[in-house]
Amino acid sequence: LQLKNDEEQARTLNLKGAALETAGRYEEAIAPYFASINIRKRTGSAALAKSYQNLASLYLRMDRVREASGIYGNMVAAGHALHDTVLMAEGFLNLSGALAKHGQYDQARAYADSALAHYRSTGNTRLMIEAWMNRSVALGGAGRYGLARADLDSAMALQLRANDREGLA
């Protein structure tokens with residue numbers, strides 16, 4: 001099978017990783033995911049975030065939080081190197097979620113703050129809402145319920161404004 005280009009090869013490797021993961025062959029799924037990341041990083045592919053997300057999600061499924069956090073950190077670094085604000089923010093947001101799920105609430109909130117700052121600079125309302133939600137989860141997990149509620153209110157207000165602009169409110 002001759003693949004047409006690097007992106008097709010990266011996509012095929014991602015699919016192979018997903019198939020192995022679905023079959024419960026987690027350790028074997030790691031290599032194709034890494035290969036996909038390497039191709040997409042080298043070519044500056046817009047789909048790089050998906051490759052990082054797949055590998056980090058696999059690590060989380062395997063309860064390997066440290067490795068998942070490292071992949072999300074690499075995602076942030078790649079975003080910085082590529083001057084891709086959204087890629088950086090997605091890395092911060094995913095890192096926040098992973099840490100909150102494992103009880104590291106203060107770090108999770110700090111990464112959610114970083115994601116929110118980056119998303120604000122892009123004007124992407126949907127992603128800003130996700131960052132507010134992650135902040136809320138981290139604050140609630142740390143027992144700071146009043147602040148968590150305030151963040152939920154901020155997310156809801158932002159959603160209502162977005163719906164109003166789109167005629168959905």
Inset, instruction - Report the C-alpha distance between K101 and V65 in whole Å, list the side-chain angles of each, state the deciding distance to 0.1 Å, and finish with yes or no for side chain to side chain contact (heavy atoms under 4.5 Å, CB included). - result: CA-CA 10 Å; K101 285 179 185 173; V65 179; over 6 Å; no
Inset, instruction - Evaluate the side chain to side chain contact (heavy atoms under 4.5 Å, CB included) criterion for residues E90 and V86: first the C-alpha distance (whole Å), next the side-chain angles of each, then the deciding distance (0.1 Å), finally the verdict. - result: CA-CA 6 Å; E90 286 179 3; V86 173; 3.5 Å; yes
Inset, instruction - Evaluate the side chain to side chain contact (heavy atoms under 4.5 Å, CB included) criterion for residues W132 and D153: first the C-alpha distance (whole Å), next the side-chain angles of each, then the deciding distance (0.1 Å), finally the verdict. - result: CA-CA 9 Å; W132 279 114; D153 290 344; over 6 Å; no
Inset, instruction - Test L95 against Q107 for side chain to side chain contact (heavy atoms under 4.5 Å, CB included), laying out the working first. - result: CA-CA 9 Å; L95 188 52; Q107 285 181 291; over 6 Å; no
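For M128 against L116, the heavy-atom pair with the smallest separation is O-CD1, 3.8 Å. Annotation for A138 and A108: closest pair CB-CB, 3.8 Å, computed over non-hydrogen atoms. Taking each heavy atom of A131 and L93 in turn, the nearest pair found is CA-CD1, 3.5 Å. Looking at every heavy atom in both residues, Y119 comes nearest to L127 through CD1-O, 3.2 Å. The minimum heavy-atom distance linking N134 with G97 is given by the pair ND2-N, 3.4 Å. The minimum heavy-atom distance between A47 and E7, with the atom names listed, is CB-OE2, 3.9 Å.
Distance check: L55 CG to F34 CZ gives 5.0 Å after rounding to the nearest 0.5 Å. Taking CG of L13 as the start and CD of E8 as the end, the distance is 11.0 Å to the nearest 0.5 Å. Note that OH of Y72 and OG of S57 are 4.5 Å apart. Values are rounded to the nearest 0.5 Å.
No more than 12 heavy atoms of other residues, nucleotides or ligands shown are found within 6.0 angstrom of CZ on R149.
Below 30°, between 30° and 60°, or above 60°: for H118 and F92 the angle between ring planes is between 30° and 60°, a tilted geometry.
Within the 4.5 Å cutoff, no side-chain heavy atoms of I39 are placed close to those of S45. Between Q104 and Y111, every side-chain heavy-atom pair lies at or beyond the 4.5 Å cut-off. Taking the side chain as every heavy atom from C-beta outward, N14 and R11 never approach each other to under 4.5 Å. Put simply, the side chain of I37 does not reach to within 4.5 Å of the side chain of N74, judged on heavy atoms. Considering only heavy atoms from C-beta on, R109 comes within 4.5 Å of R144 through its side chain. Proximity of I30 to Y59: side-chain heavy atoms (C-beta onward) are separated by under 4.5 Å at one or more points.
Between E27 and R64 there is a salt bridge, with a side-chain nitrogen of the basic residue lying less than 4.0 Å from a carboxylate oxygen of the acidic one.
Grouping Ile, Leu, Val, Met, Phe, Trp and Tyr residues whose side-chain heavy atoms lie under 4.5 Å apart, directly or via other members, leaves L20 alone, with no other cluster members. If you chain together ILVMFWY residues whose side-chain heavy atoms come under 4.5 Å of each other, L15 ends up in a group of its own. Hydrophobic cluster membership for L139: L147 (Ile, Leu, Val, Met, Phe, Trp, Tyr linked by side-chain heavy atoms under 4.5 Å, directly or transitively).
No hydrogens or angles considered: a donor-acceptor pair under 3.5 Å links the side chains of E21 and Y33.
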